[in-house]
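Whatever order the structure lists ligands and atoms in, that order sets their numbers, starting from 1.
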Amino acid sequence: MLDIINITVGYKHFPVLKELSLRIKENEFLGIIGPNGSGKSTLLRTICGILQPWDGKILLQGVEISRLTKKEIARKIGYVPQLSSFAFPFTCEEIVLMGRYAHDGHRKRDYEVVNWAMELTDTLTLKRRKINELSGGELQRVVIARALAQEPKILLLDEPTVHLDINHRMEIFKLLWELKLHGITIITVLHDLNLASEYSKRVVVITDGKVVYDGLPQDIIDKEIIKRTYGIDVNIIKNPLSRLPLILPR
Ligand code: ADP
Ligand code: MG
């Protein structure tokens with residue numbers, strides 16, 4: 001689905017990702033973790049074409065991303081950035097409709113898809129509300145709806161639950177899981193390691209611009225790996241309900 005081959009990319013002359021490679025199969029649920037500043041957001045920005053790799057390449061279903069137009073990319077990849085801010089008081093429905101830009105479709109179909117995306121994200125009641133007058137959780141759900149309106153095959157999310165309370169955090173992850181069942185490939189950066197453990201089928205650890213660990217949550221959410229990655233000691237037990245690793249702070 002997505003083949004990231006030896007990419008080096010950064011800002012100005014300062015490389016952030018250094019010869020990073022990662023191969024992602026269709027319909028995966030991939031959690032990306034790693035310390036602040038390790039390059040997780042930079043990786044997502046490069047995958048969706050905002051940044052161009054200085055070296056190496058990214059293949060999307062076998063085609064090099066740099067050869068695709070912005071619209072072609074947007075029909076395959078939806079991106080939910082870490083922080084979204086809107087200067088103009090568009091309604092939520094208008095914001096989600098912007099996700100249809102890449103399709104040049106019929107107005108009727110556009111509204112059908114907008115409706116579908118808003119239903120799935122539980123934002124239909126926000127349709128007429130102004131985007132700049134929402135709570136953090138509502139805003140995040142609308143931004144996800146906009147990405148879904150692109151009808152992407154891959155959804156990239158950058159710490160999607162960072163400002164949300166436990167209830168909305170669960171809601172977002174239940175939604176992502178549902179999207180995976182719809183056949184969408186989910187790639188999400190996570191700061192909450194327990195969420196990574198519970199939801200990801202595969203966890204990738206990025207440190208200093210490189211993939212340093214890649215595997216099942218059972219193998220990656222590990223005392224020694226957490227220590228090496230974050231420099232902290234934690235206790236890890238097996239969640240009695242899911243049998244997956246659960247981190248307890250010391
Ligand atoms: P992460 O998401 O893992 O916290 P980022 O990819 O955001 O890390 O950042 C990696 C490094 O790149 C950091 O050192 C950060 O300061 C730097 N960086 C991020 N965005 C920019 C930017 N727009 N211009 C210059 N440097 C940046
Ligand atoms: Mg980041």
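For atom 7 (O) of ligand 1, the closest non-hydrogen atom of the protein is Ser41 CB, 3.6 Å. In this structure, atom 19 (C) of ligand 1 lies nearest to the protein heavy atom Tyr11 CE1, 3.4 Å. At the shortest separation from atom 4 (O) of ligand 1 among protein heavy atoms lies Gly37 N, 2.7 Å. Protein heavy atom in closest approach to atom 8 (O) of ligand 1: Gly39 N, 3.3 Å. Counting only heavy atoms of the protein, atom 6 (O) of ligand 1 lies nearest to Thr42 OG1, 2.5 Å.
A donor-acceptor pair under 3.5 Å links the side-chain atoms of Lys40 to the main chain of Gly34, judged by distance alone. Distance alone, capped at 3.5 Å, is enough to place a donor-acceptor pair between the Arg141 side chain and the Asp122 backbone. With Ser38 contributing its side chain and Ile206 its backbone, the two residues share a donor-acceptor pair below 3.5 Å. A donor-acceptor pair under 3.5 Å links the side-chain atoms of Thr91 to the main chain of Glu94, judged by distance alone. At distances below 3.5 Å, not a single donor-acceptor pair connects side-chain atoms of Arg202 with backbone N or O atoms of Asp214. With hydrogens and angles ignored, the 3.5 Å screen pairs no side-chain donor or acceptor of His103 with any backbone N or O of Arg75. Checking side-chain atoms of Thr8 against main-chain N and O of Glu19 turns up a donor-acceptor pair under 3.5 Å.
Using a 4.0 Å cut-off between heavy atoms, Arg45 contacts ligand 1 through its side chain alone, with no backbone atom that close. At a heavy-atom cutoff of 4.0 Å, ligand 1 is contacted by the side chain of Val16 but not by its backbone.
Listed by number with element, the atoms of ligand 1 under 4.0 Å from a non-hydrogen atom of Asn36 are 4 (O).
In this structure, atom 12 (O) of ligand 1 is in close contact with the protein, since a protein heavy atom lies within 4.0 Å of it. In this structure, atom 15 (C) of ligand 1 is not in close contact with the protein, since no protein heavy atom lies within 4.0 Å of it.
Salt bridge status for Glu112 with Lys108: present, with a side-chain N to carboxylate O gap under 4.0 Å.
Checked against a 3.5 angstrom limit, the closest N/O atoms of Phe14 and ligand 1 fall outside it. At least one N or O atom of Ser38 sits closer than 3.5 Å to an N or O atom of ligand 1.
Within the 2.8 Å limit, Thr42 places no N, O or S atom next to the Mg ion (ligand 2).
Arg129 CZ to Leu139 CG: the interatomic distance, rounded to the nearest 0.5 Å, is 11.0 Å.
Contact between Pro35 and ligand 1 is present, with at least one heavy atom of the residue lying under 4.0 Å from the ligand.
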